[in-house]
Amino acid sequence: MAKILLNKNNLFYNLDVISKKAASKQKVAVVLKDNAYGHGLVEIGTLAKEFGIKKAVVRTIDDAIKIEKLFDYILILAEKSFHTYSHNFHIALNSLEDIDKLPQNSNIHIKVDTGMHRNGISIDELEKAFLGLSKKNINITGVFTHHKAADELTADFFWQKENFSLVKNSVKNICEKLLLPIPAFHSCNSAALFRTENFDEDFTRVGTAIYGYLDNAGVFEFPKLKPVMSLWASKLSTRILKKGQSIGYAGTFTAREDMRVSTYDVGYGDGFLRLNERKLYTTPKGYKVLGRVSMDNLSLDTDDEEVCIFDDVRKLAKVHDTITYEITTTLNPNIEKEII
Ligand SMILES: *Cc1c(COP(=O)(O)O)cnc(C)c1O
């Protein structure tokens with residue numbers, strides 16, 4: 001079976017760079033949504049705990065339950081039904097209408113829309129949210145926002161940062177008026193953290209950087225990080241492809257001369273998607289993917305028993321004309337993970 005190797009040293013290296021930038025491990029919340037960007041929720045959660053990280057961010061309560069014992073503090077981004085609850089869960093409030101659905105005494109982080117216009121309440125709705133929540137005895141433990149363009153070379157990042165400063169001031173005033181404790185403030189994803197001089201918020205929500213990627217890193221001279229995941233496949237069979245014979249569905253690759261080819265046990269069903277056939281993909285050792293990728297197999301011009309399909313997804317992201325996030329999250333969660 002294909003398998004994913006997780007490089008613990010690389011993960012710890014990245015977490016160390018991030019913790020230093022954030023000023024301490026306490027200020028880092030690791031984003032583990034979508035099966036830890038395809039790396040394995042429990043595997044990465046366990047390693048992050050071992051490193052000393054106390055906070056995590058997930059998408060749903062079901063994900064939070066799987067890592068409940070690993071972290072003191074879990075922020076849940078997008079849950080609509082509150083079938084169970086734990087004191088270390090903090091649930092994002094994405095719109096005012098959701099206040100009615102929240103259980104009493106729960107911990108809530110209010111998401112504020114500072115310009116992305118995807119989720120969150122507007123700045124003008126803050127007081128209404130605080131009043132509605134405190135009436136239900138809900139603990140407002142955080143107020144946060146998300147940047148729409150932290151990894152783009154535009155002014156949007158600074159404009160949203162400015163808007164979030166207004167949010168912080170407004171929240172402080174409201175809390176003073178209502179005699180409520182000041183909640184935690186957080187706005188930075190990976191790119192935003194590394195674009196911020198003197199980070200001073202309560203914590204940062206880092207996803208892609210812990211896995212070793214910062215898209216557009218070249219533009220901003222971000223620190224070099226180390227990819228954590230590599231995908232490996234095992235050989236199923238070997239044959240000689242004779243000159244003129246073609247391989248795979250529709251025979252899109254034809255041998256120019258006799259060549260040894262082998263089939264490996266990874267395919268688009270595992271999330272290694274069919275390649276854009278106008279572009280070539282070669283493995284880190286330089287083996288070419290020949291013809292079309294099948295559901296459970298692909299063919300390479302080698303007969304090695306085990307082949308590393310990738311150990312850095314930036315090249316594959318280029319071939320697919322997408323971002324590194326999409327490559328790793330598309331991998332089938334059932335692929336076996338091994339920590340090295
Ligand atoms: C996914 C996500 C993050 C992490 O973003 P990265 O760019 O991977 O660091 C942070 N905050 C929110 C709200 C997210 O949805």
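Heavy-atom basis, side chains included; hydrogens, waters and symmetry copies ignored. Counting starts at 1 for both ligands and their atoms, in listed order.
Taking only nitrogen or oxygen atoms, main chain and side chain alike, F144 does not reach within less than 3.5 Å of ligand 1.
Salt-bridge formation is not detected for the pair D100/K136: no Lys NZ or Arg NE/NH1/NH2 atom is positioned less than 4.0 Å from an Asp or Glu carboxylate oxygen.
Put simply, the side chain of K55 gets close to the backbone of Q26: a donor and an acceptor are under 3.5 Å apart. Put simply, the side chain of N139 never gets that close to the backbone of T141: no donor and acceptor are under 3.5 Å apart.
Remark: K21 is not positioned above the aromatic ring of F199, lacking an NZ or CZ atom under 6.0 angstrom from the ring centre and at most 45 degrees off the axis. K315 forms a cation-pi arrangement with Y281, by the criterion of a distance under 6.0 Å to the ring centre and an angle within 45° of the ring axis.
Shown in contact with Y37 at under 4.0 Å from a heavy atom are these atoms of ligand 1, numbered in order with element: 1 (C), 4 (C), 5 (O), 6 (P), 8 (O). The Y325 neighbourhood of ligand 1 comprises atoms 6 (P), 7 (O), 8 (O), with distances under 4.0 Å to a heavy atom of that residue.
Which of R59, K111, K33, R205 comes nearest to atom 15 (O) of ligand 1 through a heavy atom is settled by distance: it is K33.
The side chain of L77, and not its backbone, has at least one atom closer than 4.0 Å to an atom of ligand 1 (non-hydrogen atoms only; side chain from C-beta on).
The protein non-hydrogen atom at the shortest distance from atom 5 (O) of ligand 1 is N189 CB, 3.4 Å. Nearest protein heavy-atom neighbour of atom 9 (O) of ligand 1: S190 OG, 2.5 Å.
The aromatic ring centres of F220 and F222 sit less than 6.0 Å apart.
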